[in-house]
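The block underneath contains the structure these notes are about, expressed in structure tokens.
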Amino acid sequence: MKPSHTPGVLLVFFVWLLCFGAKPSLANPPISPGTSANNGNDGGSQSSANLADPAGRLLIESAERMIAAYHAGQPPASNVLRVIYFVPKDGDPLPDYATRLDRVVNDVSDFYRAGLQRLGIKTAGLPLERQGGKLVLHLVRGQLPASEYDYDSGAQAAREIQSALKGTMEIDREHLLVFYALCHREADGHYVFNAPYYGSGSQQNGICHAADCELLDPLRLTDTNQSMVFTEHYYSRMATSVARFNSMYLGGTAHELGHALGLPHDDGGEAEKAFGISLMGEGNDNYREELWGGGPPVYFSRSSVLQLASQPFFTGSDRGRWAKLKSTFKSLQFSTVNDTLKIQGVVTGAIPAYAVIAYVWTSDDHQAQTFPCVLQAGAFTLNVGGLRPGNWHLKLSRLHVNGGTADQEFDLRYDAQARPDAAALNEDWIVSRAKDAVMQHQPAALQYVDDSAIAAAPTPGAARKLRLLRSVLEPATPFDLATVTSDTAYLSDARWDDAQVGWGQVARNHFWFDENIQDGVLLLLGGQFYDKGLYAHSPARYVFPVAGKWHTFTATIGLRDGAALEGSAIFTVRGDGRELYRSRILRVGEREDVNVDISSVKKLELLTEGGEGHNHHSWAIWAEPKVLR
């Protein structure tokens, strides 16, 4: 569309560029200290010439002005990427590891440099730790033999690395790239990997687990003539060329390092599809494939670069790096315009925010479509469109100038007219705001759940949840079962003789939380909300004096939504010490209805225990525990 030259229209067009795929480079962001120089690899510059993105540059440029203003005048930070080489107790480094990994890390650094420079960020790449011009590799020998490590050994290895390097570096204040010499070759010649391969982190610290192999080398990215076969966590037997192997494993390193720097999965926006495959989407398998004719180039999306723009590695500043964000949406409103979801809001925080990104996906967040927007005086408008009707996950990520992020997730549904269900999103937001305020003891918490807030709730369901949250702030005094004259009574409102839980503290009608553990407030089973119930993280025991005056006990039992798959629980009902009911082992997503005869029972006990010898994530709840005459 050719824009009008009318000043007002130009302003509207400029705002449209800010929020829908425009923007750009920082004023003059500093080059991080300790960054490696270009090693001769063009970092993908051959394909970068075809990846020009003026709209993306404009987006990043607007963000960088805010980031640069925050960090102006700060002393340069000495942050470097620490590279670890992990060798099992009974193993040796793989052939030529130091020289190869120097090339590997340089190549990944050059990819980051080219990806950020494409959208206007001035950087020499990752800040690498070097000595005498060579990459510093911290060799760590594991405490266990190779046979004791596998894909899931990342946490174990991290503990061993921390122990081995104590006094050399503060692991919890570093970003680590760990290569594992946990690859061996079988008699038939195929390679077997038993190494962790994933990453996680933030602006404060992070760790990337990656696998080494004697064939891992960017110099072999064009080696399509030599074939190889390998086995690893995702592939029982993969036959491929050495070139494709390097695309997969170098790309995996670059991708997982992105996670270590705080990046989520991100498949880019619709307008970016012409650029190739997003690294933080599914591009980890396609790194530099254009060099051997394998496929389109891999690129850093606008959203990924927008977040990396504030990462201390690239600002060269540690200002606010360790501070609490105290980030929130001051306001948030969802509406539907034709088939597009319109999201408007204002962001506040102790550390200034500069952007908001909407991520939407269905089953796999590797395919998350992204909609980035730079804030204007703290406010933003996002238009999320082009989605087919269905059930989507929606995540709104607030980006702050110190590199920190804060996320809020919603379920995005489409109505019978194939339009986004904005009313449900508004309900989720109002309840979520009140829930967070209650858990965080915010001064505004009571205001969010008072009579006027409940009266203004967009749906009866929202009003019901707000009433429950108010009861958490202003709990009623438990009643004595002996004084009840009606035919039914909820035990979650009654006085008990004894109560104890296996994690946290006992809680009536809500899920337990404290200042540090905030897994939620509402009691949810299979997406259904219950405003009556007992928090019973295993092992738990509640004892009620029913005095032989009640005939039946009923409840719905299960693990609260959000529990990990390792969680399980067994629920038991006892009357005067005699077992009246025992459930099967229940896991998250499963629930059962309980109906037990308690005639003549004087002491009723409700017990839970882990189902497999442990109580990890055994988030058991007794929903609507009720006695009847």
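Computed from heavy atoms alone, side chains included, the values below leave out hydrogens, waters and symmetry copies.
Figure legend: cation-pi geometry between Arg220 and Phe245 absent, as NZ or CZ is not positioned both under 6.0 Å from the six-membered ring centre and within 45° of its axis.
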Carefully, step by step, assess Phe86 and Leu139 under the rule side chain to side chain contact (heavy atoms under 4.5 Å, CB included).
-> CA-CA 6 Å; Phe86 188 94; Leu139 184 64; over 6 Å; no
Is there a side chain to side chain contact (heavy atoms under 4.5 Å, CB included) between Asp411 and Leu394 once you walk through the steps?
-> CA-CA 6 Å; Asp411 290 326; Leu394 167 65; over 6 Å; no
Check the pair Asn205, Arg173 against side chain to side chain contact (heavy atoms under 4.5 Å, CB included), reporting the backbone distance first and the verdict last.
-> CA-CA 5 Å; Asn205 55 51; Arg173 298 173 73 88; 5.9 Å; no
Can Leu135 and Asn106 be said to form a side chain to side chain contact (heavy atoms under 4.5 Å, CB included), step by step?
-> CA-CA 9 Å; Leu135 178 72; Asn106 252 321; over 6 Å; no
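Not a single donor-acceptor pair under 3.5 Å links the side chain of Asn284 to the backbone N or O of Thr253. Judged by distance alone, with hydrogens and angles left aside, the side-chain atoms of Tyr149 form a donor-acceptor pair with the main-chain N or O of Leu144 at under 3.5 Å. A donor-acceptor distance shorter than 3.5 angstrom exists from the side chain of Gln307 to the backbone of Gly262, with no hydrogens or angles considered. Within the 3.5 Å criterion, the main-chain N or O of Gln203 finds a donor-acceptor partner in the side chain of Arg321.
Legend: salt bridge (charged side-chain N to carboxylate O under 4.0 Å, His left out) pairs involving residues 141-168, not counting sequence neighbours: none detected. Residue pairs meeting the side-chain hydrogen bond (donor to acceptor under 3.5 Å, both in side chains) criterion with at least one member in residues 83-92, sequence neighbours excluded, are Tyr85-Asp212.
Partners of Glu289 by salt bridge (charged side-chain N to carboxylate O under 4.0 Å, His left out), not counting sequence neighbours, listed by chain and number: Arg244. With sequence neighbours excluded, the residues that form a salt bridge (charged side-chain N to carboxylate O under 4.0 Å, His left out) with Lys273 are Asp267. Residues passing the side-chain contact (heavy atoms from CB on, under 4.5 Å) test with Ala355, sequence neighbours excluded: Leu306, Leu399. With sequence neighbours excluded, the residues forming a side-chain contact (heavy atoms from CB on, under 4.5 Å) with Asn516 are Asp514, listed by chain and number. Looking at residues two or more places apart in sequence or on another chain, you find no salt bridge (charged side-chain N to carboxylate O under 4.0 Å, His left out) involving Arg319. Legend: residues meeting salt bridge (charged side-chain N to carboxylate O under 4.0 Å, His left out) with Glu409, ordered by chain and number and at least two apart, are absent. Partners of His616 under the side chain to side chain donor-acceptor pair (under 3.5 Å) rule, at least two apart in sequence or in another chain, do not exist in this structure. Applying the side-chain contact (heavy atoms from CB on, under 4.5 Å) test to Ala563 and every residue at least two apart in sequence or in another chain returns Leu559, Val588, His617, Trp619. In this structure His209 satisfies the ring-ring contact (aromatic ring centres under 6.0 Å, His included) test together with Tyr180, Tyr198, sequence neighbours excluded. Contacts of His138 classified as side chain to side chain donor-acceptor pair (under 3.5 Å), with partners at least two apart in sequence or in another chain: Glu129.
Rounded to the nearest 0.5 Å, atoms OG (Ser278) and CD (Gln367) are 12.0 Å apart. Between the CZ atom of Phe300 and the CG atom of Asp266 there is a distance of 10.0 Å, given to the nearest 0.5 Å. To the nearest 0.5 angstrom, Glu272 atom CD is 6.5 Å from Ser303 atom OG. Rounding to the nearest 0.5 angstrom, the gap separating the CD1 atom in Ile121 from the CZ atom in Phe314 is 8.0 Å. Of the inter-residue distances, the one linking Lys122 atom NZ with Gln117 atom CD reads 10.5 Å to the nearest 0.5 angstrom.
Of all heavy-atom pairs between Leu221 and Trp292, the closest is O-CD1, 2.9 Å. Nearest approach of Ala158 to Ile207, heavy atoms of both residues: CB-CD1, 4.1 Å. Residues Gly283 and Val298 share a closest heavy-atom pair of O-CG2, 3.5 Å.
Using a cut-off of 4.0 Å between Lys/Arg side-chain N and Asp/Glu carboxylate O, Asp107 and Arg288 are scored as salt-bridged. A salt bridge does not link Lys134 to Asp102: none of the charged side-chain nitrogens sits closer than 4.0 Å to a carboxylate oxygen. Looking at Arg587 and Asp561, no side-chain N of the basic residue comes within less than 4.0 Å of a carboxylate O on the acidic one, giving no salt bridge.
Other residues, nucleotides and ligands place more than 12 heavy atoms under 6.0 Å from the CD1 atom of Ile517.
For an aromatic pair to be called close, the ring centres must be under 6.0 Å apart, and Tyr151 with Phe193 fails this.
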